[in-house]
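Following: one structure in structure tokens, then a few remarks.
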Amino acid sequence: MLEGAVTARTLLAAEERLTMGTVAALYGNELVDLHTPLDGAASSMATALVPLDAESPQALEIIRHSTAHVMASAVQRLFPGTQVTFGPATENGFYYDFDRPAGSFSEEELARIEAEMLRIIETDAPFEREVLSKEAARALLTDLGEHYKLEHLERLEDPISVYRVGGWVDLCRGPHVPSTRFLKAFKLTAVAGAYWRGDERNPMLQRIYGTAFPSAKSLRIHLQQLELAKARDHRKLGRELELFAFLDSAPASPVFLPRGATVYSELVNYLRGLYLRDGYTEVMTPELFDRKLFETSGHLPSYADNMYFGMTRDDKVENVDDARLCLKPMNCPAHAAIYGLKRRSYRELPLRLADFGRLHRYERSGVVHGITRVRSFCQDDGHIFCTQEQGAGEISRFIDLVTAVYRDFAFSEMRVIVATRPDKRIGSDDVWEAAERMLLDSVIAKGIAHEVAEGEGAFYGPKIEFHLKDALSRSWQLGTIQADFNLPERFDLTYVGADNLPHRPIMLHRALLGSLERFLGVLIEHCGGAFPAWLAPEQIVIASVAAPFAEAAEARAQALRTLGIRAIADSSDNKLGAKIRSARLLRVPFIGVLGEQEAQGGGLSLRRREEGKDLGLLPWDTVVSTLQSALAPPSATV
RNA sequence: GCCCAGGUAGCUCAGUGGUAGAGCACCUCCUUGGUAAGGAGGAGGUCGUGAGUUCAAUCCUCAUCCUGGGCUCCA
């Protein structure tokens, strides 16, 4: 560093804004190291500088990225010949990808790497930034034998920065913490394979995941939260609560057990209620179609990789591409065909068709996950056929509906993503342009915070996606609405306008919950298996205090069932405490206790799931009215 | 699909080159009970599947199926 060079450190120190916990600074919109010389007039710069404390979110990223550097340094010390690639901070930590000729890292090696990292950190080595010409950087990387970095270098613009720490050097944009002293708490968590630049045609690298925090305490809290999240994992709860299961004979295709099927049906009932109010009519369509339907729709060949094919013994075919039948991966072609069954008038539009048909999509074995990503599922699918002019209004109406629905399930953190035209698509650019415009305008008009995902749209149209997070903060797409000008064209759909001339309708594909399977998975994690009372598989368990009251308990349960309440009696010869315990483990919203007192007076002692609240002995009428009001499904308002 | 880690009773998990164990759940009996586990006994496994090595394989090797973590939040 030049004598007297102006840095964030000198400027902040001069104003006594530098503390022991300051790891970097924000200079305008730019993150800068404390020690990097700044350009410009010192006096004006100082006011634009904001010191970043270790506890700030931006500092956390810097700490993690610096920890990744230390890890890479340790790896190269321990395993010479290993090349480095990318090592960014992530939402929950960091990773670094290596090309190690000997292959992946074992658990024991992870421990050795951690130990080596500690040794490096203890030396309190400073992070030093150095700016090079591209030519000099090329020479440096060639010298180090870092071929991946060399490849990446060619994508970068002059000048190039590198960071040194403890004699180790890496091509890096920075910034970094001043020295390794600031890395106080880290843990290496996992090894995994990852393709170079994420492309499966490239060589596979060895990735090491880790996490880092400004203090040992915050790391400990993070690890505890991970443990808690595991307890909410829908796969674990699905098994424990007997909601669903998987058969070896149907991989990645869940079977719903009685308890899970009850929740599933209630979700469908809820949706049917919404549809009735919101002007949808339901249709039912086959699962197996002649391939011609999907040729017309354009699913073949765009979507063939994700489709199942079928044939009969009368079909003398050898190649799957000649299979006569297709298992539907989507409902839209069938709905387009239904629309085309007869001549349509503008007076019928918008025509909103809903379908709970079962879909099958072939998903590669590595991407399936519990019931949130499966091969057999059902969408709360619907297609709106309308005029161009009606499109914006329908989209706006749908956004209101989907927002209200998520509110019903107490989801608050919704991400809205507008996904635009992908490389592999059907239809002209003009048509895509219009469709993208329509979606974006609706979101903007509602003032909804959203992101744009370039190239992430469906092959037939752009979409708005509504994402929610699961217990491990993985983001899942649930609801969606997609504008489609292509299918109406391909199916030659028309309506007769007021002018008595044929016109082309547009088609909106939409789903509120998305896949019912996925939604249920996310919902299970959201509520930790304690479903809202209206969805609970059993809404009340009536526990008899002793055998002589078993019959009375069963009679009460039956009386409630005739009122539409899912009630069961626990007449096992367990003691009351054990019955309460098992009902609570199943997260049953109400528990009724029936003994001498209740049998005599005709009432029931009731307790609610929430805070184990005991409502005491209530007269039967009060029991019924309490249950009926607590068990009523919510009503999403449009 | 690819990399890594797994697959032992319904569930959660021990275990060993000489054909297997615990807790819970289940069944039977005793107990007739008042708000998160009463007691005793019993039954239950081709150790994922197939092959190989071995006198002998749940254990070692290979294949295969299934499950789990990950596969550009770009130096």
Side-chain angles (χ1 to χ4, degrees), chain A residues 61 64-65 68-69 72 84-97 100 103-107 110 137 141 146 148-157 160-163 170-174 189-209 230 233 235-236 239-242 245-252 305 362-370 451 472 474-475 543-550 572-586 591-598 605-607 612-617:
Chain A
E61 240 185 275
R64 286 170 173 173
H65 187 205
H69 269 229
V84 293
T85 66
F86 290 166
T90 65
E91 196 177 318
N92 292 309
F94 62 87
Y95 65 81
Y96 210 114
D97 287 345
R100 182 191 185 196
S104 189
F105 299 92
S106 65
E107 294 289 317
L110 236 50
L141 292 173
E146 296 288 1
Y148 293 90
K149 289 285 188 189
L150 267 171
E151 183 189 321
H152 186 67
L153 178 67
E154 298 311 321
R155 300 180 172 213
L156 302 178
E157 303 283 319
I160 306 298
S161 61
V162 299
Y163 277 79
D170 192 14
L171 187 66
C172 183
R173 182 173 48 191
T189 52
V191 291
Y195 298 101
W196 169 235
R197 293 192 183 283
D199 187 330
E200 63 188 30
R201 288 164 301 194
N202 287 339
M204 177 156 283
L205 307 170
Q206 288 79 48
R207 172 170 298 181
I208 302 179
Y209 279 94
K230 270 189 204 162
D233 190 316
R235 293 164 299 186
K236 179 180 154 74
R239 204 171 31 240
E240 287 175 359
L241 302 179
E242 295 193 19
F246 289 90
L247 305 176
D248 278 1
S249 46
D305 285 350
Y362 174 67
E363 300 279 5
R364 297 196 299 174
S365 64
V367 304
V368 296
H369 180 89
E451 306 156 37
L472 288 170
R474 279 178 291 233
S475 178
S544 43
V545 168
F549 310 110
S572 64
D573 73 349
N574 286 320
K575 293 180 79 168
L576 183 61
K579 292 182 186 187
I580 303 245
R581 177 169 194 264
S582 58
R584 288 195 57 81
L585 285 176
L586 284 175
I591 299 173
V593 173
L594 191 146
E596 185 66 42
Q597 238 186 320
E598 295 80 3
S605 291
L606 206 57
R607 72 185 244 176
K613 204 169 175 189
D614 197 344
L615 304 178
L617 177 55

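Just the heavy atoms: all of them, side chains too, but no hydrogens, waters or symmetry mates, feed the values below.
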Just checking A:Gly93: base, sugar-phosphate only, or nothing, at a heavy-atom cut-off of under 4.0 Å?
-> nothing
Where does the angle between the aromatic ring planes of A:Tyr96 and A:His69 fall among parallel (under 30°), tilted (30 to 60°) and perpendicular (over 60°)?
-> perpendicular
Answer whether the closest heavy-atom distance between the side chains of A:Glu596 and A:Val545 falls below 4.5 Å.
-> no
Could you check which of B:C3, B:A37, B:G34 has an atom nearest any side-chain atom of A:Gln597?
-> B:G34
Please state how far atom CZ in A:Phe105 lies from atom C1' in B:G69, giving the value in whole angstrom units.
-> 17 Å
A:Ser365 side-chain N/O to B:G1 phosphate OP1/OP2 under 4.0 Å | yes
Quick one: is A:Arg207 getting a side-chain N or O under 4.0 Å of the B:C71 phosphate, OP1 or OP2?
-> yes
Any N/O donor-acceptor pair, A:Tyr195 side-chain to B:G70 base, under 3.5 Å | no
Atom-pair distance (CH2 on A:Trp196; P on B:C71), nearest Å = 16 Å
With sequence neighbours left out, the residues meeting salt bridge (Lys or Arg N to Asp or Glu O under 4.0 Å) with A:Arg364 are A:Glu200
Could you give the distance separating B:C47 and B:G21 at their C1' atoms, to the nearest angstrom?
-> 12 Å
A:Arg173 CZ - B:C73 P separation (whole Å) | 13 Å
Just checking A:Asp97: base, sugar-phosphate only, or nothing, at a heavy-atom cut-off of under 4.0 Å?
-> nothing
Rounded to whole Å, the CG-C1' distance (A:Asp573 to B:G39) equals 11 Å
Expressed in whole Å, how much space separates the C1' atoms belonging to B:U31 and B:C13?
-> 32 Å
What distance, rounded to whole Å, do you find between the two P atoms, one in B:A43 and one in B:G1?
-> 43 Å
Hey, mind stepping through A:Arg607 and A:Asp614 against salt bridge (Lys or Arg N to Asp or Glu O under 4.0 Å) and telling me if it holds?
-> CA-CA 4 Å; A:Arg607 72 185 244 176; A:Asp614 197 344; 5.9 Å; no
Using the P atom in both, what is the distance from B:G39 to B:C24, to the nearest Å?
-> 9 Å
Summarise protein proximity over nucleotides 6-13 of chain B in one line of letters, 5' to 3': B for base, S for sugar-phosphate only, - for none, counting protein heavy atoms closer than 4.0 Å.
-> -----SS-
B:U12 to B:U67 separation - C1' atoms, rounded to the nearest Å = 16 Å
Does A:Glu240 CD have over 12 foreign heavy atoms under 6.0 Å away?
-> yes
For B:C71, does OP1 or OP2 lie under 4.0 Å from any side-chain N or O of A:Tyr95?
-> no
Please say whether the positively charged group of A:Arg207, taken as NZ for Lys or CZ for Arg, lies over the ring of A:Tyr95, i.e. under 6.0 angstrom from the six-membered ring centre and within 45 degrees of the axis.
-> yes
Other residues, nucleotides, ligands: >12 heavy atoms within 6.0 Å of A:Gln206 CD = yes
Using the P atom on both, measure B:G6 against B:U16 and round to a whole Å.
-> 15 Å
Under 4.0 Å between any heavy atoms, over every strand shown, what does A:Val367 touch: base, sugar-phosphate, or nothing? Just pick one.
-> base
Describe the nucleic acid contact of A:Thr90 in one word from base, sugar-phosphate, nothing, applying a heavy-atom distance below 4.0 Å.
-> base
NA contact type, A:Glu596, heavy-atom cut-off 4.0 Å: base, sugar-phosphate, or nothing?
-> base
When we call it a touch if two heavy atoms are under 4.0 Å apart, what does A:Ser605 touch: a base, just sugar-phosphate, or nothing?
-> base
Is any N or O donor-acceptor pair between the side chain of A:Glu598 and the base of B:G34 shorter than 3.5 Å?
-> yes
Report the residue from A:Leu205, A:Asp170, A:Asp97 that forms a side chain to side chain contact (heavy atoms under 4.5 Å, CB included) with A:Val84.
-> A:Asp170
Report the distance from atom CZ of A:Arg584 to atom C1' of B:U35, rounded to the nearest whole Å.
-> 10 Å
Given atom CD1 of A:Ile208 and atom C1' of B:C3, what is their separation to the nearest angstrom?
-> 13 Å
How is A:Ala252 classified with respect to the nucleic acid when contacts are heavy atoms under 4.0 Å: base, sugar-phosphate, or nothing?
-> sugar-phosphate
Taking the side chain as every heavy atom from C-beta outward, state whether A:Phe246 and A:Val368 have any pair of such atoms under 4.5 Å apart.
-> no
Atom CG of A:Asp233 and atom P of B:U67 are separated, to the nearest Å, by 14 Å
Read 5' to 3' with Watson-Crick or G-U pairs under 3.5 Å, [ ] for crossing pairs and | for partners on another strand, RNA chain B gives (((((((..((((....[..)))).(((((.......))))).....(((((..]....))))))))))))....
Select base, sugar-phosphate, or nothing to describe what A:Ala192 touches, counting heavy atoms under 4.0 Å on all strands.
-> base
When rounded to whole Å, the CZ to P distance for the pair A:Arg581 and B:G34 reads 18 Å
Any side-chain N or O of A:His369 less than 4.0 Å from the OP1 or OP2 oxygen of B:G69?
-> yes
